[in-house]
> 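Pasting a structure below so you can have a look.
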Amino acid sequence: MIELKTLSQIASMRKAGQIVAETLALMREMVHPGVTTEELDRVAEDYIRKQGAVPAFKGYNGFPATLCTSVNEQVVHGLPGLRKLESGDIISIDCGAVIDGYFGDAAVTLPVGDIAPEVKQLLQVTEESLHQGITQAVRGHRLYDISYAVQSYVERYGFSVVRDYVGHGIGKAMHEEPQIPNFGKPDRGPRLDVGMVLAIEPMVNKGTFEVRTLNDHWTVVTKDGQASAHFEHTVAITANGPEILTRC
Ligand code: MG
Ligand code: MG
């Protein structure tokens, strides 16, 4: 069952979403050659706690950090550590926060210094595919209209969508029903309604869609070693259309 949130619940989620958005804005300022992913993580955790919120990922299934930091061929769930970012890298930063019992969840992929033109295009296409998906998040549409919008946009550019990880409903838990694949046929799946809150999150690979998990049991990488990008927003379906709760 997909839970419908009241306006006051959505207001709480807006608060959580804003903290996540502000944290990611801070990360955007910090990402440059020489910074370590651990430094990013520390600043993000401090910021979230100063707002009276709690990092949502820390301790989730034993995840050790506030951020998922996934560099280059890493798709999602990368662990912050001593790695220094270098010019030409890209870094996907996924962040969640919980306040007053409600969750916000968002991700961006940022360039480090100068990146190759085709990687820049990967970032642009992935971010735009998220917005193509969000446009479908309206009352009366069906869930896989979102999936189809993402996939068809991405594949137009010769990139591929990851199949093994999906978006999700969100609210009093980080992962609620429904699962939101980034691929699928339009006009299928549950009917969308006002009060649904969805974390829509295309993960897009430059090469094959296939992924594998490293021996650290967390970091997901592309099978072919090519770059991957990830953008995510928490989106409420309102009577006036989609509202991005994690907008910067
Ligand atoms: Mg996320
Ligand atoms: Mg998510």
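Whatever order the structure lists ligands and atoms in, that order sets their numbers, starting from 1. Because the structure is a prediction, the values reported are computed rather than measured. No hydrogens, no waters, no symmetry mates; every other heavy atom, side chains included, goes into these values.
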> Give the cluster check for Val108 versus Leu122: same hydrophobic cluster or not, with ILVMFWY residues linked at side-chain heavy-atom distances below 4.5 Å.
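Cluster IDs for Val108 and Leu122 differ.
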
> What pairs of residues pass the salt bridge (Lys or Arg N to Asp or Glu O under 4.0 Å) test when at least one of them lies in residues 68-97, not counting sequence neighbours?
none

> Please list all pairs passing the ring pair (Phe, Tyr, Trp, His ring centres under 6.0 Å) test where one or both residues lie in residues 174-193, with sequence neighbours left out.
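Checked against ring pair (Phe, Tyr, Trp, His ring centres under 6.0 Å) - neighbours excluded - the pairs reaching residues 174-193 are Tyr60-His175, His168-His175.
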
> Trp218 versus Cys68: any side-chain heavy-atom pair under 4.5 Å?
no

> Can you tell me which residue pairs pass the salt bridge (Lys or Arg N to Asp or Glu O under 4.0 Å) test with a partner in residues 230-248, sequence neighbours excluded?
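Listed once each, the pairs are Arg14-Glu243.
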
> Measure from the Mg ion (ligand 2) to each N, O or S atom of His168 and report whether any distance is below 2.8 Å.
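True for His168.
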
> Give me the protein N, O or S atoms that fall under 2.8 Å of the Mg ion (ligand 1), sorted by chain and residue number.
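Under 2.8 Å from the Mg ion (ligand 1) - ignoring waters, which are not counted - the protein N, O or S atoms are Asp94 OD1, Asp94 OD2, Asp105 OD1, Glu232 OE1.
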
> Do we get Arg188 above Tyr144's six-membered ring, with its NZ or CZ under 6.0 Å from the centre and within 45° of the axis?
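Arg188 over Tyr144 ring: no.
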
